2 protein chains.
Amino acid sequence: MADELADGTPTGTTTLTDVARAAGVGESTASRVLRGHGSFSAKTRESVLNAARSLGYVPNRIAGTLASTGSKLVGIVIPSLSNIVFPDMLRGANTVLVGAGFQPVVAVTDYEQGREETLIESLLSWRPAGMMVAGLEHTERTVAMLRHARIRVAELLDSDGDGIDIVVGYSNRGAGGASARHLVSRGYRRIGYVGHDLSRDLRAAKRFAGFRSALVEAGLEVAAKEIIPSSSSIEAGREGLGRLLGRAPDLDAVYFSNDDMAIGGYFHCLARGIAIPGRLAIFGYNGLDVARAAPQPLSTIRTPRVAVGETGARLVCSDGPPTKIDLGFELIEGATT
Amino acid sequence: MADELADGTPTGTTTLTDVARAAGVGESTASRVLRGHGSFSAKTRESVLNAARSLGYVPNRIAGTLASTGSKLVGIVIPSLSNIVFPDMLRGANTVLVGAGFQPVVAVTDYEQGREETLIESLLSWRPAGMMVAGLEHTERTVAMLRHARIRVAELLDSDGDGIDIVVGYSNRGAGGASARHLVSRGYRRIGYVGHDLSRDLRAAKRFAGFRSALVEAGLEVAAKEIIPSSSSIEAGREGLGRLLGRAPDLDAVYFSNDDMAIGGYFHCLARGIAIPGRLAIFGYNGLDVARAAPQPLSTIRTPRVAVGETGARLVCSDGPPTKIDLGFELIEGATT
DNA sequence: ACATAGATTGGCAGCGCTGCCAACGAAAAA
DNA sequence: TTTTTCGTTGGCAGCGCTGCCAATCTATGT
């Protein structure tokens, strides 16, 4: 109530009521002015604004949200902040959401569906206006909660499967298949794979599945495979390729689970003087900056990560029927195949 | 109120009152059970939990927060999601905050102080328990708001200056100075600089200032300088070095505004066959993965970004006097100097 | 001057939940 | 048995704000 103690120390917080009183108007009038909603005279406006300014009034959206209907929060659930894919998607989503007056609340699952469930439950208790989650695979209870919440739900970065409401992504299976067909069409036949822990990264697993079946369709198979148990990184790709070539020195091409891994492989070859693509071809996934700017641009698949975030956010902010949008991907014919 | 329509369609939302009624207990009892707070019999506990489960009750933290005192939200304000520094810091902060039961709410300023002011104002209206912001430079009004909010405020990733409450970071000036002294001690004398837009990235500007004054102390100066107008990227570093060497072909070392830029420079040299470090030395900043795993590990400065986020979050969650913690940095003597 | 429509404005009931306090038993102490 | 104690429990007043509605003015129209 009282904004100041005798010594001028502010105590408690300034509320709308304080502002209204100071401006000599009713609460609702002050509320209307501060939200620029409804009608009021220019004079009233001035006095309310002055009062608010001089009292250092900060509206309380907690109360506002409770009193009105929906909140202006949007929950965003991603597996990781280390894999550039998610910050990129987050960036796209953030831009659109903020532009539409929403506030993103992020949660990171570390690729664990159990944690995802907990986090989504927790986010839902903030009564968000919408929810954006990565991928289509969730626990049964997660799906039930999301459906029950009766808000817009966008599932992003994958289009291989059915979603709850809005799906914006691209086909990971398709990307894997396209990569395989590209290698085959270039004449490579002894093709290996270096990947990271696929039990957690489900989208990488889908790519590998698509890759493998496309090879099979071409009458080939994955000649050798190296899975590193950690998450993906350049270092891991470098070591992984080293080990793979140790076991299968006759490979003529290697497919990596993503560009981080592939760049690691590229560095391995540079360091060992292995000619690319003469002696060994390298193919990645994701179209990272580093892959594009390397002395030999990496052959890879560019995905519209930022656009996925933007499109997803746009749909989450709008009404309309459930939608599925496949933003596709682009195969980059770099210099490493 | 009523949870279902005649056809079973849930309408409105299930509230605590509904749960209490279904369990045949009072609201406050239900509230206590669901929060595991206060005392209640095992039997009561069961019936409340069952009722909550069967009704699909999701607590409303908006209401809970309004009724109790503080929220469990922590606002995090960063300039960008593209520069790996910030996702890294965010990751550290996220881990600690979630562990302590807080929910991060992020906002991205695009390196604009004006937008930072607006975003902080907006975040404060959620009555967060604490605030984490990047850097020590803010508008006067931002600082006033932050002080007035009477919550913990952590300013991160920089220690060159005074903060509002908690400061966790390292000296950017110092890092620049250390880089310069390293190059000088290795015998380089014709030293150039390739940087990105410093008017926005204040910490990069501080590094350059520290770098330049250390050179001056050694009786040298920045022999040539190339500033690219965009934000930092590998591509920009590559082009920037190309242009710089075009103008000043006799340089023997180049300092880059960060590792993205430096890796770009490294790639330029690889592509042009410029011997590193024989013909040209390269020094970066940030200790990125890609810099560490390159065929020649980049000489750079490793900063404790994740630890800054963790430490900052820990302090924001605790009471105590204003604190300033310098987490330092580590000079990596790679193979490019 | 008297209506009439439209612009302004204030009062007040909640939004869903928590905190406080009084009430109620039942077990423990006298 | 009576009193004290303590674990349980329900009622109810807000938290700060918004939405609704009735009340008050003001400017026009007749």
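Everything numeric here is computed off the predicted structure, so don't read it as measured data. By convention in this document, chain letters (A, B, ...) are assigned in the order of the sequence lines, proteins followed by strands, and residues within each chain are numbered from 1. Values reported hereafter were calculated over all heavy atoms of this structure, with side chains retained and with hydrogens, waters and symmetry mates removed.
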Exercise for review: Could you tell me whether Arg91(A) atom CZ has more than 12 heavy atoms of other residues or ligands within 6.0 Å of it?
Suggested key: yes
**Study point:** Selection: residues 39-50 of chain A, any non-hydrogen atom under 4.0 Å of DNA chain C
**Key:** Ser39(A), Phe40(A), Ser41(A), Thr44(A)
Check your understanding: Is Ser28(B) touching bases, backbone alone, or none of the nucleic acid, heavy atoms closer than 4.0 Å?
Key -> base
Check your understanding: For Arg35(B), which contact category applies under a 4.0 Å heavy-atom criterion: base, sugar-phosphate, or nothing?
Key -> sugar-phosphate
For the pair made of [atom1] in [X] and [atom2] in [N], what is the distance, rounded to whole Å?
X         : N       : atom1 : atom2 : result
His37(A)  : dC20(D) : NE2   : P     : 10 Å
Asn60(B)  : dG16(C) : CG    : P     : 7 Å
Glu27(B)  : dG10(D) : CD    : P     : 10 Å
Ile62(B)  : dT18(D) : CD1   : C1'   : 14 Å
Trp126(B) : dC17(D) : CH2   : P     : 13 Å
Leu34(B)  : dG19(C) : CG    : P     : 14 Å

Study note, to complete from the structure: From the candidates dG16(D), dC20(C), dC17(C), the one with an atom nearest any side-chain atom of Thr15(B) is dC17(C)
Review point. Picking from dC17(C), dT18(D), dG10(C), which would you name as closest to the side chain of Ala67(A)?
Key: dT18(D)
Review point. Between Arg61(B) and Arg32(B), which has a closest nucleotide on DNA chain C that is more 5'?
Key: Arg61(B)
Review point. Do Glu121(A) and Arg141(A) meet the salt-bridge criterion of a basic N to acidic O distance under 4.0 Å?
Key: yes
